[in-house]
Amino acid sequence: MIGELINANIRDSVTELARSFREAQPFRHVAIDNFLAPEFCRAICEQFPEFLDAHALNENGTVGLKATREKVRTLGQAYKDMDDLVRSADFLQLIGKITGIDDLRYDPYYFGGGTHENREGQDLDPHIDFNYHPVTSQHRRLNLIIYLNDHWEDAWGGSLQLHRDPYKERGEDEIVTLTPLMNRCVIFETTECSWHGFERIDLPASQKHRSRKSFAIYYYTETRPEQETGDEHSTVYVERHLPDRFQPGVELSQQDVEEIKRLLNRRDQHLKRLYRDIRKLTGALHARRNGAGDIEVPADNPESGSADLQSSLLTIQALRHRINEFEMSTSWRITRPLRAFKRMLSRQA
C-alpha cells in the first residue's frame, strides 16, 4: 500500500530527509514536497469535506472559522485509504527512520487531527501542543500535516510559522515560515519548545473563494527521554504582539482600531476561560478538602493515616499549586487547563 499511495522517491531519500529533520531550526522538522502519489492526492482533495457549522464550533461554543473532521473514515474511500496508510507498520517505520523516533503509535481517535479547513479571518496563535494523549496517556511526539491548497502565498497569512521564542518581540524571535502548498508534508517534533502557529488569513479580493485545507495526524510513544518530559498540560498559547506599525505618534486607521479590538477581545475570552477554570478547580479543592475532613488523623503520627487521607492531602496540595499557577498567569498565556485535573482526580479516586 505505501508504495502506491506515497511518492516513490521518498524511501530513496530517507537519509537526506533524516539529516534535514535533525539539523532543522528553530526545532526539528522537515518539509517534504510531492509527498502523496499524484492520483491519490487528487482523490483526497476531491473528497475533502464541505465546511459545516456543526464541525466549526470554537472553544466558546460558537461557530468559528475553522472546521475539523476527526472521523476520517466516513469521508470517502480516499480517506479510508489515508487512514490505512498512516496507521500501517511500513509507514510508521518510514516516519521513524526520518525522525529518529522509534516505536511510534498511531492515534485511532485522531484527537485534534483529521481534516482542517481555515477560512478568511482565521489565525492560530503561537503555541505548544498538549503533551499527553487524553485517553491513552501516551507521549505526543510528532505532528504530520499534509497541505491541500493548489495555490497559496505567504502574504495572505495562513503559512505555518515555527518559532524559537514567541514571547520575544518579532524582530528578536527566530521564525521559519513554511507555505501550505499542495501535497507538501510537514513533520515536526512535539516538545515543550516546539512553538508554532499561523498569522491571520487575509485573502486578496480575487482569492476570497479560497480556504486553507490540510490533513493532520499526530503520533505518540509509550515513553520518551526524561530530559524531554514535562508536566502534563494542554495546549499553551502565547498571544501575538502588536504589529510593528504600532509606534508612538502613529495615527490609527479604522483597520488598526478593528485589529486592536480583535486582539483585546481574544485576550478577554482567554481571561474568561482562565477564571472559569479557577472556579472549577476551587470547587474541586473545596470538595476534596471536605472529604479529607471526614477522615480521622492519628494525633501521635499524622503520617500513619489511611491511604485515602494521604491521597486527599496530596490532591489538595496539587490543586492549590495549580490554582496558584492560574492566578499568577499573565492575561496572554493560558496554562494547565482543566483536562489534566480531571485525569488526576480520576486516578486518585
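Residue indices begin at 1 and follow the sequence shown.
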### Query
Does a donor on one side chain and an acceptor on the other come within less than 3.5 Å for Thr221 and Arg141?
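Short answer, yes.
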### Message
Distance alone, cut at 3.5 Å: any donor-acceptor contact between the side chains of His151 and Gln207?
### Response
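No, no side-chain donor-acceptor pair sits under 3.5 Å.
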### Query
Has Arg140 got its NZ or CZ under 6.0 Å from the middle of the six-membered ring of Phe130, at an angle within 45 degrees of the ring axis?
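Ring-cation test returns yes.
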#### Entry: Charged tip of Arg73 within 45° of Tyr79 ring normal and under 6.0 Å
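Negative - Arg73 is either too far from the ring of Tyr79 or too far off its axis.
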## Note on the structure
Exactly one candidate in Arg262, Lys66, Arg200 meets salt bridge (charged side-chain N to carboxylate O under 4.0 Å, His left out) with Asp123; the answer is Arg262
### Task
Just grab all the side chain to side chain donor-acceptor pair (under 3.5 Å) pairs involving residues 31-50, residues at least two apart or on different chains.
Asp33-Arg184
### Query
Under 3.5 Å, side chain of Asp256 to main-chain N/O of Ser253, donor-acceptor pair present?
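Yes, because the side chain of Asp256 sits within donor-acceptor range (under 3.5 Å) of the backbone of Ser253.
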### Query
Between Arg240 and Val238, is there a donor-acceptor pair closer than 3.5 Å when you use the side chain of the first and the backbone of the second?
no
### Message
For Phe246, is the CZ atom crowded, meaning more than 12 foreign heavy atoms sit under 6.0 Å from it?
### Response
yes
### Query
Does the pair Arg164/Glu172 count as a salt bridge with the N-to-O cut at 4.0 Å?
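Salt bridge between Arg164 and Glu172, a charged N being under 4.0 Å from a carboxylate O: no.
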Scan the side chains in residues 106-114 for donor-acceptor partners under 3.5 Å anywhere in the protein, sequence neighbours excluded, and list what turns up.
| residue | atom | partner | partner atom | Å |
| --- | --- | --- | --- | --- |
| Tyr106 | OH | Asp83 | OD1 | 2.5 |
| Tyr106 | OH | Arg87 | NH2 | 2.9 |
| Asp107 | OD1 | Tyr109 | N | 3.0 |
| Asp107 | OD1 | His133 | NE2 | 2.8 |
| Asp107 | OD2 | Tyr110 | N | 3.2 |
| Asp107 | OD2 | Phe111 | N | 2.7 |
| Asp107 | OD2 | His133 | NE2 | 3.4 |
| Tyr110 | OH | Asp83 | OD1 | 2.7 |

### Task
Flag yes if Phe51 and Val72 sit in one hydrophobic cluster, no otherwise; membership is Ile, Leu, Val, Met, Phe, Trp, Tyr, and two members link when side-chain heavy atoms are under 4.5 Å apart.
no
## Note on the structure
Only one of Thr190, Val176, Thr191, Leu162 passes side chain to side chain contact (heavy atoms under 4.5 Å, CB included) with Phe27, and that residue is Leu162
#### Entry: Near-ring test Tyr132/His139, centroid separation under 6.0 angstrom
yes
### Message
Ring centres under 6.0 Å, that's the criterion: do Tyr237 and Trp195 meet it?
### Response
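No; Trp195 has its ring centre 6.0 Å or more from that of Tyr237.
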### Task
Please state whether the rings of His196 and His127 are parallel, tilted or perpendicular, taking 30° and 60° as the class boundaries.
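Geometry flag for His127 against His196: tilted rings.
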